[in-house]
Amino acid sequence: MRKIIYTRPDNSMSIVIPAKDTHPPENISDAEAEQRAWEKLPTFAINPRWADDSEIPPDRTFRDAWHDAGKVEIHMGKAREIHKEKMRYARVPKLAALDVEFMRALEKNDMAAAAAAATKKQALRDVTADPEIEAAQTPEALIAVWPDILK
């Protein structure tokens, strides 16, 4: 069955999958389900159109970076920001552990250990500045940019 894609006012995309199973259940055809879905599109839907599965990326990693350019494509600028946000999320527990390590080193007056923890913390803060992120030209290349410090 075809799907409906449209752009929302915030420039993100929505995908509508027509449903045949309703409450109460009805025995309707694919065409009737598609027509009903089209009629129920929100008034703010921009440029709605029909699409088949081959137009929609199977990998949803950068779902919020999709845009309609005649087919669904990934806006690499938005994908880079999504990837950086995932890195930021992944580093939170590592930074918290290093905060504890840093404080313990200070309590013991071990300046070398404190400096080592501070260096590791700075390396974590710098992961989003990796030039490979900007150099990535495809979603696959972008996904491959994941520093060992976050693993």
Side-chain angles (χ1 to χ4, degrees), residues 1-104 116-151:
M1 187 175 334
R2 300 179 302 171
K3 296 174 173 68
I4 303 168
I5 61 174
Y6 65 87
T7 303
R8 294 190 297 258
D10 65 358
N11 285 326
S12 58
M13 285 193 63
S14 283
I15 299 173
V16 177
I17 302 170
K20 290 176 70 171
D21 57 337
T22 60
H23 300 282
E26 297 176 28
N27 188 15
I28 63 172
S29 68
D30 285 357
E32 290 170 318
E34 289 174 351
Q35 182 62 34
R36 183 172 57 196
W38 188 268
E39 291 169 356
K40 291 186 177 189
L41 286 177
T43 56
F44 59 77
I46 302 167
N47 298 325
R49 68 176 182 86
W50 292 105
D52 62 24
D53 286 335
S54 66
E55 292 182 69
I56 300 168
D59 183 351
R60 298 178 60 88
T61 302
F62 299 114
R63 168 69 178 84
D64 288 340
W66 290 1
H67 68 103
D68 188 6
K71 69 173 192 159
V72 180
E73 293 181 350
I74 296 173
H75 185 281
M76 285 304 295
K78 288 181 181 178
R80 286 183 189 95
E81 290 308 311
I82 291 167
H83 195 62
K84 288 177 185 179
E85 201 53 42
K86 288 180 181 185
M87 289 177 153
R88 289 179 186 108
Y89 183 78
R91 75 182 175 196
V92 167
K94 295 177 183 305
L95 283 168
L98 285 168
D99 283 342
V100 171
E101 185 179 317
F102 180 80
M103 292 306 292
R104 286 186 179 153
T119 300
K120 291 176 191 174
K121 286 169 51 172
Q122 189 58 51
L124 283 168
R125 288 187 201 101
D126 292 342
V127 294
T128 57
D130 186 336
E132 289 185 35
I133 295 170
E134 292 303 318
Q137 296 300 309
T138 66
E140 296 78 18
L142 186 56
I143 290 169
V145 179
W146 197 262
D148 289 338
I149 197 168
L150 290 178
K151 293 178 183 173

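For the pair A65 and A79, the tightest heavy-atom approach, listed with the atom from each and the gap, is CB-N, 3.6 Å. Pairing each heavy atom of A19 with each of I28, the nearest pair is O-CD1, 4.2 Å. Scanning all heavy atoms of the two residues, the minimum distance from T128 to I133 falls at O-CD1, 3.7 Å. Across all non-hydrogen atoms, the minimal contact from G70 to E55 is O-OE1, 3.6 Å. W66 approaches I74 most closely through the heavy-atom pair CD1-CG1, 3.7 Å. In terms of heavy atoms, A90 sits closest to P93 at O-CD, 3.5 Å.
By the 4.0 Å N-to-carboxylate-O rule, R36 lies too far from E39 to be salt-bridged with it. Using a cut-off of 4.0 Å between Lys/Arg side-chain N and Asp/Glu carboxylate O, R2 and D30 are scored as not salt-bridged. A salt bridge between E101 and R104 is absent, with no side-chain N of the basic residue lying under 4.0 Å from a carboxylate O of the acidic one.
Partner of L98 under the side-chain contact (heavy atoms from CB on, under 4.5 Å) criterion, out of Q122, M103, K121, R91: K121 alone.
The line from CG of D64 to NE2 of H75 is 13.0 Å long, rounded to the nearest 0.5 Å. Interatomic distance, CD1 of I149 versus NZ of K94, reported as 8.0 Å (0.5 Å rounding). With rounding to the nearest 0.5 angstrom, the NZ atom of K20 is 9.5 Å from the CD atom of E34. Going from atom NZ of K40 over to atom CD1 of I4 covers 11.5 Å, rounded to the nearest 0.5 Å.
Taking the six-membered ring where tryptophan is involved, the planes of W38 and W50 are essentially parallel, since the angle between them stays under 30° and well short of 60°.
Taking 4.5 Å as the limit, every side-chain heavy atom of K78 sits out of range of all side-chain heavy atoms of H67. Using a 4.5 Å heavy-atom cutoff, the side chains of R80 and E134 are in contact. A 4.5 Å side-chain heavy-atom check between D130 and M87 finds every atom pair outside the cut-off. Between L142 and F62 there is a side-chain heavy-atom pair separated by less than 4.5 Å. When side chains are defined from C-beta on, I46 does not count as touching Y6, because their heavy atoms never get closer than 4.5 Å. With contacts defined as side-chain heavy-atom distances shorter than 4.5 Å, the pair I5/V72 qualifies. Contact check for K86 versus I82: side-chain heavy atoms found under the 4.5 Å cut-off.
Atom CG of N47 is surrounded by 12 or fewer heavy atoms from other residues, nucleotides or ligands within 6.0 Å.
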Could you give the side-chain donor-acceptor pairs of residues 9-16 under 3.5 Å, partners two or more places apart or in another chain?
residue: D10; atom: OD1; partner: S12; partner atom: N; Å: 3.0
residue: D10; atom: OD1; partner: S12; partner atom: OG; Å: 2.4
residue: D10; atom: OD2; partner: S12; partner atom: OG; Å: 3.2
residue: S12; atom: OG; partner: R8; partner atom: NE; Å: 2.9
residue: S12; atom: OG; partner: R8; partner atom: NH2; Å: 2.6
residue: S14; atom: OG; partner: R8; partner atom: NH1; Å: 2.5

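Under the rule for a salt bridge (charged side-chain N to carboxylate O under 4.0 Å, His left out), E73 has no partner lying at least two apart in sequence or in another chain.
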